[in-house]
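Step one of this worksheet: look at the structure below.
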Amino acid sequence: MDTQNPMSTVWPLPVRGAPFTRADADLVRRMDAISAATACAKLHGMGVTRTAVQGPTALDTGSRIVGSALTLQFMPQREDVASGLGQEYVERDTALWAVLETVQPGDVLVVQAWGSHFTGCFGDMLVRYFKRRGGAGIVIDGRIRDAARVRQLGVPIWCTGTTPHYASQTDLFPWAYDVPVATGGVLCLPGDIVVADDDGAVIVPAAKAPELVQDAEDHEDWESFSRMRLEQGARLSDYYPLSPNSRAEYEHWRDNQTKQPAQ
């Protein structure tokens, strides 16, 4: 491969997928109250069972994000097509740089990195730019570098760890964006909704989100009620999950919570 002309003539790079529609902003706002665990459980009940991203954990505990998915795909290097020779001077012409120019406020960047221990998909400068563009967070089934500086930026990140390597230094190359990705064993389509917290990241199919929100809002409410009753000394088997009697009690409590003061 000619390092003076780093982009492949074998296969045109970077690859960009078709235009997509971001998740509805009001729907994302409503999902902000829903935990990753609740989203995963509700989707399972709806017949969508592979939604929990395996591997990545929160870089900083206490982090949480909900947002529309923007996608980035790394692929294995092959020297006649694409390699990391030339370091960042090659990378700036790849999907890695290109996807950052498309970030909109509230986006969650979901990255397919094959669980690589050696690819530092993002570092200080790229995360800094992502933040300035208004990105909400990043989920990577791979690693980051410049960890101390990245933590200072306060961008919520789920990854598998850290490495001193830059993105294309070893086995992978930034290949495509706005395409379907497989991240931690889960399919993510551009425009899906990402919910991530200390339990991990969950990919919510965009078409399933309205039904999930309606069901999950009730779930979160009754769990709050059950939590309160358990703190008051109630029996676990009566309130988790709700029995028919405790369901009626919860509905009475919920109705009282939502009543408006008399005029």
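What you see is a predicted model, and the numbers here were worked out from it, not measured in a lab. Computed from heavy atoms alone, side chains included, the values below leave out hydrogens, waters and symmetry copies.
Judged by distance alone, with hydrogens and angles left aside, the side-chain atoms of T51 form no donor-acceptor pair with the main-chain N or O of V204 at under 3.5 Å. Listed for the T160 side chain is no donor-acceptor partner under 3.5 Å among the backbone atoms of D141. Between the side chain of W114 and the main chain of F74, a donor-acceptor pair closer than 3.5 Å is present. Side chain of D192 to backbone of A206: a donor-acceptor contact under 3.5 angstrom is found. A donor-acceptor pair is defined here as one N or O able to donate and one able to accept, closer than 3.5 Å; no such pair exists between the side chain of T71 and the backbone of P190. Side-chain atoms of E79 never come within 3.5 Å of backbone atoms of Q77 as a donor-acceptor pair (strictly under, hydrogens ignored). No donor-acceptor pair under 3.5 Å is formed between the side chain of K42 and the backbone N or O of D215. Between the side chain of Q112 and the backbone N or O of A182 there is at least one donor-acceptor pair closer than 3.5 Å. In this structure, the side chain of T38 does not engage the main chain of A216 through any donor-acceptor pair within 3.5 Å. Listed for the D146 side chain is no donor-acceptor partner under 3.5 Å among the backbone atoms of R149.
Hydrophobic clustering (side-chain heavy atoms under 4.5 Å, transitive across Ile, Leu, Val, Met, Phe, Trp, Tyr) groups Y250 together with Y239.
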Problem set entry | side-chain contact (heavy atoms from CB on, under 4.5 Å) assessment of V155 paired with V150 | CA-CA 7 Å; V155 175; V150 168; 5.9 Å; no

For this session: Could you check M75 against F173 for side-chain contact (heavy atoms from CB on, under 4.5 Å), going step by step and ending with a plain yes or no?
Result: CA-CA 5 Å; M75 292 290 276; F173 193 84; 5.8 Å; no

For this session: Starting from the C-alpha separation in whole Å, work towards a yes-or-no answer on side-chain hydrogen bond (donor to acceptor under 3.5 Å, both in side chains) for R229 and Q232.
Result: CA-CA 5 Å; R229 294 293 288 120; Q232 293 170 346; 2.8 Å; yes

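Taking the charged nitrogens against the carboxylate oxygens, R22 and D107 do have a contact shorter than 4.0 Å, which makes a salt bridge. Using a 4.0 Å cut-off between a side-chain N of Lys or Arg and a carboxylate O of Asp or Glu, E231 and R227 do not qualify as a salt bridge. No salt bridge links D171 with R143; every basic N to acidic carboxylate O contact stays at or beyond 4.0 Å.
Under the 30°/60° scheme for interplanar angles, the aromatic rings of W222 and Y240 are found to be tilted.
For the atom pair CG of L153 and CG of D124, the computed distance is 5.5 Å after rounding to the nearest 0.5 Å. Atoms CD1 and CD1, from I144 and I157 in turn, are 4.5 Å apart once rounded to the nearest 0.5 Å. Residue L100 holds its CG atom at 13.5 Å from CZ of R128, rounded to the nearest 0.5 Å. Interatomic distance, SG of C40 versus CD1 of I203, reported as 11.0 Å (0.5 Å rounding). R254 CZ to E249 CD: the interatomic distance, rounded to the nearest 0.5 Å, is 13.0 Å. Here CH2 of W175 is found 13.0 Å from CG of L72. Values are rounded to the nearest 0.5 Å.
The shortest non-hydrogen separation linking D198 to D60 is OD1-O, 4.4 Å. Closest approach of A113 to G142, counting heavy atoms only: CB-CA, 4.0 Å.
Few gaps surround CZ on R133; more than 12 heavy atoms of other groups in view lie less than 6.0 Å from it. Within 6.0 Å of CZ on R247 lie more than 12 heavy atoms contributed by other residues, nucleotides or ligands. Shown here is R151, whose CZ atom has more than 12 heavy atoms of other residues, nucleotides or ligands within 6.0 Å. Crowding of M228 atom CE: a count of heavy atoms from other residues, nucleotides or ligands under 6.0 Å exceeding 12.
A side-chain contact (heavy atoms from CB on, under 4.5 Å) with D32 is found for one member of I65, V195, V66 and no other, namely V66.
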